[in-house]
Every structure is written in C-alpha cells, then in structure tokens.
Amino acid sequence: MSGKNLSELRNIGIMAHIDAGKTTTTERILYYTGRSYKIGEVHDGNAVMDWMEQEQERGITITSAATTCEWDSKTINIIDTPGHVDFTVEVERSLRVLDGAVAVFCAVGGVEPQSETVWRQANNYSIPRIAFINKMDRIGADFERVVEMMEKRLGANPVAVQIPVGKESEFEGIIDLIEDKMYVFDEESLGQEVIVKDIPESYRDRFTAAHMVLIEKLADFDDEIMESFLEDTPVSATTIYSALRKATLELSLVPVLCGSAFKNKGIQPLLDGIISYLPSPLDVPSVVGEDKNGDEIQRKAERKEKFSALIFKLMSDSYVENLAFMRVYSGSVKVGDKIFNPVKKKKEKIAKILRLHANKREEIEELAAGDIGAVIGLKFSTTGDTLCANGDYIVLESMDFPEPVIGVAIEAKSKADEKKLAETLDKIAMEDPSFRISKNEDTGQTIISGMGELHLEVIVDRLLREFKANANVGKPQVSYKETIGTSAEAEGKFDQQTGAKGQYGHVVIRVAPLSRGEGVLFESQVKEDQIPAEFLGAIERGIRDSLDAGPLIGYPLTDVKVSLIGGSYSDEESTEMAFGISSAMAIRRATADAQPLLLEPMMRLEVISPDEYLGDMMNDLHSKRAKVVGVDSSNDLQVVQAEAPLAEMFGYSTSLRSATQGRANFTMQFEKYDVVPKNKADEIIKKIRGI
C-alpha cells in the first residue's frame, strides 16, 4: 500500500441519493476486482459494505465504510457513503479527505434532492467526479433525461462517454464512444466476462451523433481536438482520454457512464473510468495548513515530506480502543511512532495501523502520503484534528458540522444504569459530530439531538442493542431557537463588597437583529479608558454563555449582533468575574426588551406522486403549514417541491401513504431556521411552559 507509486493510487467516494444503487455498485466493484469472492446484495442483508445490523435490516447505508481493491495494477481506496439526508455528515467528512468521486444516479429518478446535496458538498471541496447512471434495466429508465437533469439541477457540464444499448427489460449493453465498440456482459459468469462487439448498424447514427457531441465539448478545452474538429479529421482515442482526464481534473467536465449494477452490467468500464479520469494524490493541489503564527504552509504528497494527516472519523469498537480513520497527506507514519496533535497540543503514540475492508481489518506497518487507513492508540484526538510529526506544527483545515434539528429525552431505567448510559452516549457523540447531548436545566432530563427522525432512531437502536444500555426514550422534540425582532439597549452593573476586596463590573450593551443564518456577532465600541481591553474577553464570554438560553422558553439565541457601547471600571475592584456577571445581566434584559421571536427548523421537501393523487397530497401539505415552491411533471408523476416546518412533519410518511394509497414517496432535509407565526408561537410557548 505505502510502497505504491502515488500515480497508481485513487482515493474515491461513491455518493448518491438514497436507493440509487451506491452500495450495489460498490459490491460489484469488490467482486470484479477480486476483493470479494461472492456478490453481496443489499436486499438480502449481506452486502459487505453495509455491515451494521441496522443497515442490513433497513437496506440503507448509515455509516461510511472504507475498503481497498486493485484494478489494472492500480490501487483504489473506496468509501461508500450514505444516501439518506439524516447521515449527510458522513458524506461531508468522507469528501473532505477524498480526491475524486463517483456520483451514482438512478436512471428513473434522475437527479434527486440528496443527489443535489452531495453534489454541492463535492463542489465545496472542488472534487473531480464522474457520473454513473445506474438501473438502466428499470421501467422508466431514460439516459438522456438524467444527463439533461444534471445540467439543469446541478449546473454541471456532463458529457456522455458511453450510451446504452436498449433500456428497461431490453437493456443489453453499452457502446463506448471513445473506443468505437459495444460491450455485452455475459450473464452466466455474472457479468465477469465482457464480450466486445462491433456497434450494431441500427445504433450507428446514434453513436455518430453522441461521438460528435463528445468531440465538440472537448474542443473547448483542447487545442489539438479543436483543430481536428474544425478540419473534420478523426481524433485518436489516446488524445480523447488525455483531454477528458484534464478537463475532469479541472472540474470543467463530468464524464457520464451507464449500466445496471444489479444486473452486473457496466461495472468493469466504470472501473476503467475511475482509473482513466479521476485524480491520483499527485493530481490534486498540495494540502494547505497553518503554522504556529497562522501563516499558510503547504505539504506535498511525498514520502520525504514531513508527516501530516487529518482524522476524519472516529469509531468505537468492542474489541479494541477507538479506531481513528485518517488520510495521510504527506510523509509517513509507522507503528510505534510518537506524533503530535497541534489542535489539542498533545503527544500521541500509534499502537497499531489497520487497512480496512468494511468491518474487517488487517494490520500493516506503515501509512504513507496518499493512504487512507485507521490507527489505534490515540488518547486525545477527535474528528477534524490534524496529526503531524513531533516537533513540527501544521493545522489543516477542519470540518464544519450542521446543528441538530430534532431531539428526544432519554433516561436510565435505574440508578445502576446511569453510569453506563452516560458512557455510551459519550462514545456515540465522539463517533458522530452531528449528535449532541444536553441537559434540560428545568426538568433535569438528558436530551439527545440529531439530524432527523431516522438518525435518532438508529442511535437509540444502537444504544439498546449494540451497547446494551437500559434506557427509556421519549417522543421526538423539535430543536427550536430564539432570536430578536428589534434593537434594544440595557445596562448591567455588578457591585458587591466581599470582605476586604470588592467586585465591580459595569457594562451597557445594544442588541440588534441579524439576517437568518448569521449567528452571533460581538463588537466593542468602548474606549480603553472606559473599560480596559483585558476585560473584553470576559464580557464576550458572559454574553455568549447567556445567549445559550433565550428569554422566551430557554432555547439558544441566534442571529443577534451585540455591541458593547458603554460601561465603567474600578482600578481596585474590577475583575473578569464581575464583568462576566454584569454582561450576563445586561444581555438578559436587552433580549427580553427586543421583541424575542421563536425560530423553527424548516425542511426542504420533495414529494413524488401519481397524477391522480396530486390534489389530496397538496391538501395534506397545506394542512401542515407547508409552502409549495414548485411542481414539475415527469411521465405520469408529479414532483412537488415544498418547504415545511419540521414540527408538522412527524409521521408524514403515514399521512402521505393514506392520501395516495401508498403510491407516493418523499425526501426531506433541513433547509433553514425561520420565524414561527405568532399564534403558533404562543401555542408552542404555552405548551413548553406547561401553562
């Protein structure tokens, strides 16, 4: 692994909307590369990459699983990521450390909501990708429509490098637009034998037209191809591959391939595409970090460079201590090495290094630049931390994780179970940065929060079954927030005599509303002679700590600008503690006077329903305070885009089933926080206060 030439290594992710066939595609890749001796199926619950009990039962991917395989003497590290929006943080942290990605699209569903989300995430990290249009054997499969949707919905520049031969039950193979050949996949050998044929005459015109589109698109990025295009002379396959790879790495084009993973068709050409078009660690820019002084430094993907790596995932394991998944960007690390975590400012020691294959693992001696693996023995490091050589200092860009939007109350069944429950929750929180634990000060209840109903359901399931924790779990609750509707000023003065020395702090602050999503901003407008700079840190901490509980019902305040506009101090008696208390007093008064408002999480919803149920489905949505933002037709289906409050969407799958006789389906993901209408807010406040 670490002895490999870096140009022969590919670190890729498989990403898509739920049920587009990511895991099935990965299973075929493992089979054809010889990594698995038999094909695992998601619907049978024996897919290698879906190894958790919860994944096997639900038939979905919950946690990103890593594996390594070989193809055409090249090494491919693959991470199969979840498609359900509740586990989007798994996709985020995987993409952070990958060089390229395969976006899988369903030939029937096309570009679906979670496809858009993962595409945007890949854009954020500037990840080159290729597209695989899967399920060409399904009724309603339409290759051209999906390519068109990629342009419209994703703003991508897709270019077909293959076209399908037949579709739905007639799908028999693919035509390669570069090699001028047709590939058919032998059913008796489970697609292992690829039969190369000449292109049928009935497909000649279609091939010529698609080939011309490919050449025309490449002409924009390659002078040699532009010349051939203008002179109407043939372009060699080698020139096309070279230009296509260059345009893909520059994020200018997305090569599009097709097949049917379930029917074992199109996977070997997809593997060829991964090698041909996606980057090696040498093709991506050198990793950038900051040194002790905050200055930018680069590290090249070379063994002789100083060691640097990023931890992108932690996993608790029942057999060993915590596994830390990491990507090595430069240098190398061996078993027994002592390394440094500059984020935690702690030294760590590598006890073991593992190469992963889903939940199986093999011990190896070393990880080097470009490698992805797991290490055992880290005591202080957490997700997003950088590791570097002892005596060195570099901090790589970390990851931002979304705020949870839904919570449930949880309590141990008996006093004896309390310690185990607390330890187990801490383990899960360490693994999953989108999972939070908090204490409700009024009721004393422990609240666990996550990204959606399914996310919490899986966590509770793991608590009870995997970790054997005895607990009672309440009903899901919405994670509201609070904000303010207008500006207000307030004063806080803490003047107390305690023994010989007194405590004195005095501040005047102004609060003002900010736009949605801006968070909390603090600024000081006072001069040094009013309040010395040494107390500003304590004032800001006092303000921020107090904003954790708003004046309405104690939810965190957000989208607020706090300005320190006045105050006074005493040479003898002013302390950080006194200023912290006075600023907490001031902020509580100011926010209470600034028309406090309740914010609720709004979800983006896509509902796909047969024509005849559109009216009933729309009525149901309106009853849930949903706002319809668009309706599209696709074959005999209506695709409705809407925004709806999370509070109204509990149990929506049941009401949608009854409104459409079970024939509609939907996807939902967090969009933003928005103000709750006044009459509804009053209702919620009364309910939570128990009035």
Side-chain angles (χ1 to χ4, degrees), residues 85-86 88-89 400-409 434-436 438-443 447-453 455-456 475-488 509-522 543-563 587-605 621 624-627 629 642-650 652 668-691:
V85 65
D86 282 17
T88 190
V89 71
D400 293 324
F401 297 112
E403 288 290 319
V405 294
I406 183 171
V408 295
S434 61
F435 170 70
R436 306 282 163 83
S438 59
K439 202 93 171 163
N440 185 318
E441 297 303 331
D442 297 334
T443 62
I447 307 292
I448 57 173
S449 307
M451 298 306 296
E453 281 185 277
H455 186 203
L456 284 181
K475 287 183 178 174
Q477 303 163 354
V478 177
S479 290
Y480 293 101
K481 287 188 180 182
E482 297 181 27
T483 191
I484 55 173
T486 187
S487 298
I509 62 162
R510 181 193 301 123
V511 293
L514 290 173
S515 303
R516 290 296 148 262
E518 286 198 53
V520 175
L521 294 180
F522 171 78
I543 286 168
R544 288 187 181 274
D545 289 348
S546 299
L547 289 174
D548 284 346
L552 286 175
I553 33 179
Y555 282 102
L557 273 150
T558 188
D559 303 335
V560 178
K561 181 180 179 180
V562 185
S563 304
I587 196 76
R588 280 197 287 270
R589 288 171 189 157
T591 51
D593 292 341
Q595 289 180 13
L597 300 168
L598 194 62
L599 296 174
E600 64 182 343
M602 300 293 289
M603 311 304 282
R604 181 153 66 100
L605 198 65
L621 277 178
K624 298 184 184 314
R625 293 197 285 130
K627 184 172 81 180
V629 292
E643 278 179 11
L646 174 62
E648 306 287 345
M649 298 312 292
F650 293 130
Y652 179 60
M668 182 169 73
Q669 63 192 83
F670 173 71
E671 177 79 359
K672 61 183 179 185
Y673 270 90
D674 211 350
V675 176
V676 183
K678 183 155 186 351
N679 60 340
K680 195 71 191 173
D682 293 343
E683 220 176 276
I684 293 164
I685 292 165
K686 281 179 185 173
K687 190 178 174 186
I688 291 174
R689 284 179 179 166
I691 298 170

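The closest side-chain heavy-atom distance from Pro513 to Ser487 is below 4.5 Å. Between Val562 and Leu521, the closest side-chain pair of non-hydrogen atoms is not below 4.5 Å. No side-chain heavy atom of Val511 sits less than 4.5 Å from a side-chain heavy atom of Asp593. No side-chain heavy atom of Arg516 sits less than 4.5 Å from a side-chain heavy atom of Met602. Considering only heavy atoms from C-beta on, Leu605 stays 4.5 Å or farther from Glu671 through its side chain. Using a 4.5 Å heavy-atom cutoff, the side chains of Tyr480 and Ile684 are in contact.
When all heavy atoms are compared, the tightest approach of Phe522 to Arg544 is N-NH2, 4.0 Å. Shortest non-hydrogen contact noted between Leu621 and Ala642 is CD1-CB, 4.4 Å. For the residue pair Leu597 and Leu552, the shortest heavy atom distance occurs at C-CD1, 3.5 Å. Among all heavy-atom pairs drawn from Tyr555 and Val478, the shortest one is OH-O, 3.9 Å. Closest non-hydrogen pair, Ala488 versus Ala590, comes out as CB-O, 3.5 Å. Closest approach of Glu482 to Gly554, counting heavy atoms only: OE2-N, 3.1 Å.
Between the CG atom of Leu598 and the CG atom of Asp674 there is a distance of 11.5 Å, given to the nearest 0.5 Å. In this structure, CE in Met603 is found 11.0 Å from CD in Glu643, a value given to the nearest 0.5 Å.
Evaluation of the salt bridge (Lys or Arg N to Asp or Glu O under 4.0 Å) rule for Arg589 yields no partner, not counting sequence neighbours.
Of the residues Lys686, Lys687, Lys680, the one that meets the salt bridge (Lys or Arg N to Asp or Glu O under 4.0 Å) test with Glu683 is Lys680. The only option from Val560, Asp545, Ile509 that meets the side chain to side chain contact (heavy atoms under 4.5 Å, CB included) definition with Ile587 turns out to be Ile509. Between Val520 and the choices Ile543, Leu547, Asp559, Leu557, the side chain to side chain contact (heavy atoms under 4.5 Å, CB included) rule is met once, by Leu547.
Heavy-atom neighbours of Lys561 NZ from other residues, nucleotides or ligands within 6.0 Å: at or below the threshold of 12.
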Between Ile447 and Arg436, does a side-chain contact (heavy atoms from CB on, under 4.5 Å) hold up when you go through it step by step?
CA-CA 8 Å; Ile447 307 292; Arg436 306 282 163 83; over 6 Å; no
